[in-house]
Protein chains: 2
Amino acid sequence: MKATTRGIDEMNAGVDNCVEAGYRGAFPVRNILDRVGNKWSVMAVLRLGRRTERFRALLRAVDGISQRMLTVTLRGLERDGLVHRDVFDTLPPTVANSLTPTGLSLLTLITALADWAMQHEAAVKAARAEYDRRNG
Amino acid sequence: MKATTRGIDEMNAGVDNCVEAGYRGAFPVRNILDRVGNKWSVMAVLRLGRRTERFRALLRAVDGISQRMLTVTLRGLERDGLVHRDVFDTLPPTVANSLTPTGLSLLTLITALADWAMQHEAAVKAARAEYDRRNG
DNA sequence: CTGAATCCCCAACGATACTG
DNA sequence: CAGTATCGTTGGGGATTCAG
């Protein structure tokens, strides 16, 4: 097997990491979560959940992402079957990125997570401040 | 401020990273997701969702985690107000770790995510294999 | 039992420059 | 416009050791 992205391939290696908390072989859990944990994956999926978008448009939409990271992120999502790339052989090239059905189903959860984050932002911030005050 | 874990403190620094995809100031989103993306946070929350547990028990339950990482993980979760530590001044020391109400509300989403992961494990694996076959 | 401190590695990420 | 190549940084995480 060729090392597409070293770290990701590694993910397929370790079949340990279970918590047997009802999630025996939690390996797939961590596996997916690693993708969610990526700095940009969630942002990209969130954006593609609104509309199919071209590379350049995504680059502008996802504030702060570099060209390289957008490429890498999309590749990863595509590899996992979450994003579909439609390449039109025009000049200049056109690529339409959209969520697959699987990607759409994940979007629901990611959206819920994002909503949770916004709803609890204040609470978390307060907790952190409090914690930092108490300790050093 | 004391550097608990350098990276985590940094999370508080960058107030950029928004996608304006309906999530303006997606900073809190990434902020939370960084925690979810941690290798062990989810496993710990999942486990604590089942029962209050002591450090040593958690260490055994979350397969593969090191002592250091469990400490760091719990500190992070505690700082964010997701986990509550109850210290009993016994000998030897006893510490009860449990989810706070906030932690419990997150547990719901995390559980959903874990379920999603298990349900789509096959599909994702297949997608990866297919992708790797097509490309090199 | 709980946990802090040290050392070290490497995968993720970023900046930049180049190509079809 | 979309994508690749290269290189440097860095912080998450593991192993180990020491301490209360």
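So you know, we letter chains A, B, ... as the sequences are listed, proteins then strands, and number each from 1.
Formation of a donor-acceptor pair under 3.5 Å by the A/T52 side chain with backbone atoms of A/S98 is not found in this model. With hydrogens and angles disregarded, no donor-acceptor distance shorter than 3.5 Å links the side chain of A/S41 to the backbone of A/N38.
Taking atom CE of residue A/M69 and atom C1' of nucleotide D/dT4, one finds them 14 Å apart after rounding to whole Å. Put simply, CD on A/E53 is 10 Å from P on D/dA2, counting in whole angstrom units. One interatomic measurement links the two molecules: CZ of A/R35 to C1' of C/dA12, which rounds to 12 Å at whole-angstrom precision. Between the NZ atom of A/K39 and the P atom of C/dA11 there is a distance of 19 Å, rounded to whole Å. The interatomic distance linking A/L33 (CG) with C/dA12 (C1') rounds to 17 Å, in whole Å. Whole-Å rounding puts the A/L70 CG to C/dT16 C1' distance at 17 Å. One interatomic measurement links the two molecules: CZ of B/F55 to P of C/dC1, which rounds to 10 Å at whole-angstrom precision. In this structure, CZ of A/F88 is placed 19 Å from C1' of C/dG20, rounded to the nearest angstrom.
Remark: A/E53 pairs with A/R47 by the side-chain hydrogen bond (donor to acceptor under 3.5 Å, both in side chains) rule, at least two apart or across chains. For A/T73, the side-chain hydrogen bond (donor to acceptor under 3.5 Å, both in side chains) test picks out no residue, with sequence neighbours left out. Residues forming a ring pair (Phe, Tyr, Trp, His ring centres under 6.0 Å) with A/H120 (at least two apart in sequence, or on another chain): A/W116.
Picking from D/dC1, D/dT4, C/dC13 the nucleotide with the shortest atom distance to the side chain of A/R75 gives D/dT4. Minimum atom distance to the side chain of A/R54 is reached by D/dC1, of the listed C/dC13, D/dG3, D/dC1.
Sorted by first and then second residue, the ring pair (Phe, Tyr, Trp, His ring centres under 6.0 Å) pairs involving residues 85-109 of chain B (not counting sequence neighbours) form an empty list.
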Output one line per pair: protein atom, nucleotide atom from nucleotides 15-20 of chain D, and distance, for all N/O pairs under 3.5 Å.
none

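In this model, the phosphate group of C/dA12 is not approached by any side-chain N or O of A/N38 to a distance below 4.0 Å at OP1 or OP2.
Side-chain heavy-atom separations under 4.5 angstrom define the hydrophobic clusters, and the remaining members of the one that includes A/V95 are A/V87.
Sequence order on DNA chain C of the closest nucleotides to A/G37 and B/R56 puts B/R56 first from the 5' end.
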